[in-house]
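In the text below, chain A, chain B and the rest are named by the order of the sequence lines, each starting its count at 1. Note that the coordinates shown come from a computational prediction; the quantities given were computed from them, not determined experimentally.
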2 protein chains.
Amino acid sequence: MAREFEPDIPDIVIRRLPLYVRTLRALADSDVANVSSDDLADEIGVTAAQIRRDLSYFGKFGKQGKGYDTRSLEQAITQILQLDREWPVALAGFGSLGHAIAHYRGFGPSSFRIAAIFDRNPDKVGEPLGEIAILSDQCMTSEIRRLGIEIGIIAVPAAEAQEVANAMIDGGVQSILNYAPIVLKTPPNVRVREIDPIWALQTMTYYLGVGS
Amino acid sequence: MAREFEPDIPDIVIRRLPLYVRTLRALADSDVANVSSDDLADEIGVTAAQIRRDLSYFGKFGKQGKGYDTRSLEQAITQILQLDREWPVALAGFGSLGHAIAHYRGFGPSSFRIAAIFDRNPDKVGEPLGEIAILSDQCMTSEIRRLGIEIGIIAVPAAEAQEVANAMIDGGVQSILNYAPIVLKTPPNVRVREIDPIWALQTMTYYLGVGS
DNA sequence: GTCCGTTCGTGCACAAGTTCACAAGCGAGT
DNA sequence: ACTCGCTTGTGAACTTGTGCACGAACGGAC
Ligand SMILES: NC(=O)c1ccc[n+]([C@@H]2O[C@H](COP(=O)([O-])OP(=O)(O)OC[C@H]3O[C@@H](n4cnc5c(N)ncnc54)[C@H](O)[C@@H]3O)[C@@H](O)[C@H]2O)c1
Ligand SMILES: NC(=O)c1ccc[n+]([C@@H]2O[C@H](COP(=O)([O-])OP(=O)(O)OC[C@H]3O[C@@H](n4cnc5c(N)ncnc54)[C@H](O)[C@@H]3O)[C@@H](O)[C@H]2O)c1
């Protein structure tokens, strides 16, 4: 795979790529066949130079005087991000948040499928949901390993989150989406992204109330 | 207010502060009275130098040889971030996500209170929820202005999000927490933070599947 | 009172990330 | 075939952010 020969790509670039994919997809769906870095930059809210620099880490995708072919650039980035396949995901915690995640229909159209759900509460274990059933957290490591799952979502209380993360990592998980408001301690090969609305709000109050 | 004399603080520093507050609060609750930048750094997963540098933007909070007083540092940062008060928040969209947000009990203990909820669907308008009722999106701008709300949460479909953001901003909102998968166009004095689990997952697949 | 281990706050050097600016390439029009 | 307007890809300059390393300060031990 080509990716192995491009080892030094900054993480911050990788984080922007999904935004490019999303925007290009929207443009392509609106029958916009070509787009310049300038137009794309306007749409996304970054500079044109940044888009060109980001893409240059992976190759040459544009044509001078013309811009980029919307659909083929979208597909190129999709491939770079390995979004051209479906990833099975393990969900830990089937409380109110876990419930919402399991029913969220945004995963379907994207490249992710909830393939296993775990909860510690015996009342919830066994409950069927679509094609799968809720399993005991006891099985987490072995079931994740059996299914070859590499992505985990943590939706348990903060006090349990580290323990759950450890079990997932033991099973082979390398990417964790963490909804619990706690910093997980993980080995360097495991990547964690936080989803924390309170944190997000707390980063904005600083700026409030000064100007009118 | 002292803040007006510290104009050049990088946003990335502000984004870390809530993490410090959260961690200091947990330590104080465990009756840890003092903490060094080294210990705190371990807990949070950043370097000690970074913590000291971040804090130095705002003043001197530590004692040499001793470290920081856990509780008073927590309170100092809480004050810097203006989290020592309660902020009323407007929620737009009372679908499945909006429902989950409105019932999420994490806002209570923090500095935020859902003070108004808006939905376009006439069936939902009027429905009572705790102390408040769902209002029509027609009233959004005026009601937000009337209540002096400066923070908005967007939980409507992507196609409606920009329009809703505009209405909020017209009412005086300066901070938006956006759950819709779209880049909002806002004036420079308005700050937006994205909550998008799919995006977060898409930034991690790049790294998967190479090493075992 | 002095010593000594600890830890802060910060000047400075380095690293990372962004933007500028321009040569080169493309294609449409004549 | 040539010109011309447009846009890419990228070296180089610049900006921003991080980490090191050390003087200064604190407090406990003796
Ligand atoms: N509800 C929200 O909108 C929201 C938003 C952001 C973050 N969060 C965070 O997400 C977490 C969960 O929130 P919630 O509202 O769903 O709580 P909840 O109490 O409704 O659900 C937690 C679930 O996790 C299960 N659980 C506990 N320990 C477990 C373990 N070791 N293994 C497997 N399952 C286990 C429990 O049985 C329960 O079903 C919390 O940390 C919360 O702060 C929630
Ligand atoms: N459900 C999730 O877990 C989740 C997670 C992340 C992001 N999102 C995103 O959040 C958004 C909402 O998701 P959902 O599942 O709640 O959808 P939903 O269809 O259940 O709810 C949308 C609600 O918004 C209301 N609405 C529509 N236009 C409006 C307007 N102009 N003003 C006020 N209200 C309006 C609708 O009446 C409806 O009640 C979507 O953009 C989705 O992609 C959802």
Worksheet item: Per the side-chain contact (heavy atoms from CB on, under 4.5 Å) rule, which among B/I154, B/I153, B/V164 passes with B/I176?
Response: B/I154
Practice prompt. For C/dC26, take OP1 and OP2 only and decide whether either is under 4.0 Å from a side-chain N or O of A/Y68.
Written response: no
Worksheet item: Does B/R16 make a side-chain N or O approach to OP1 or OP2 of D/dT18 shorter than 4.0 Å?
Response: yes
Worksheet entry | B/R105 atom CZ, over 12 foreign heavy atoms within 6.0 Å | no
Could you check how far [atom1] of [X] sits from [atom2] of [N], rounded to whole Å?
X	N	atom1	atom2	answer
A/Q50	D/dG9	CD	C1'	15 Å
B/I9	D/dG17	CD1	P	12 Å
A/F58	D/dT10	CZ	P	13 Å
B/I51	D/dG17	CD1	P	18 Å
A/F61	D/dT10	CZ	P	11 Å
B/D54	D/dG19	CG	C1'	12 Å
A/K60	C/dA23	NZ	P	17 Å
A/L55	C/dT18	CG	P	14 Å

Discussion item. Using a 4.0 Å heavy-atom cut-off, does A/I12 contact any base of the nucleic acid, only the sugar-phosphate backbone, or nothing at all?
Written reply: sugar-phosphate
Worksheet item: When the nearest nucleotide of DNA chain C is assigned to A/D11 and to B/R53 on a heavy-atom basis, which residue is associated with the more 5' position?
Response: B/R53
Practice prompt. I would like to know whether A/E143 and A/Q138 meet side chain to side chain contact (heavy atoms under 4.5 Å, CB included); could you show each step before the answer?
Written response: CA-CA 9 Å; A/E143 188 68 4; A/Q138 304 280 317; over 6 Å; no
Discussion item. Restricting to non-hydrogen atoms, name the atom on A/I149 and the atom on A/A116 that form the minimum distance, rounded to 0.1 Å.
Written reply: CD1-CB, 4.2 Å
Worksheet item: Of A/R193, A/R15, A/R16, which is the lone residue that meets side-chain hydrogen bond (donor to acceptor under 3.5 Å, both in side chains) with B/T203?
Response: A/R193
Discussion item. What's the separation between atom CD1 in B/I114 and atom CG in B/L91, rounded to the nearest 0.5 Å?
Written reply: 5.0 Å
Item to complete: Begin from the C-alpha positions of A/Q82 and B/M204 and carry the test side chain to side chain contact (heavy atoms under 4.5 Å, CB included) through to its verdict.
Response: CA-CA 10 Å; A/Q82 301 198 86; B/M204 298 194 285; over 6 Å; no
Discussion item. If we count only N and O atoms by modelled type, under 3.5 Å, do the side chains of A/D54 and A/Q50 hold a donor and an acceptor together?
Written reply: no
Worksheet item: Should the ring pair A/H103 and A/H99 be called parallel, tilted or perpendicular, given that the plane angle runs from 0 to 90° and is split at 30 and 60?
Response: tilted
Practice prompt. Quick one, give me the B/S/- string for nucleotides 21-30 of chain D, reading 5' to 3', where B means a protein heavy atom under 4.0 Å from the base and S means that only happens at the primed atoms, P, OP1 or OP2.
Written response: B--BBBS---
Practice prompt. Pull out every residue in residues 23-44 of chain B that has a heavy atom closer than 4.0 Å to any atom of DNA chain C, ordered by number, or say none.
Written response: B/S36, B/S37
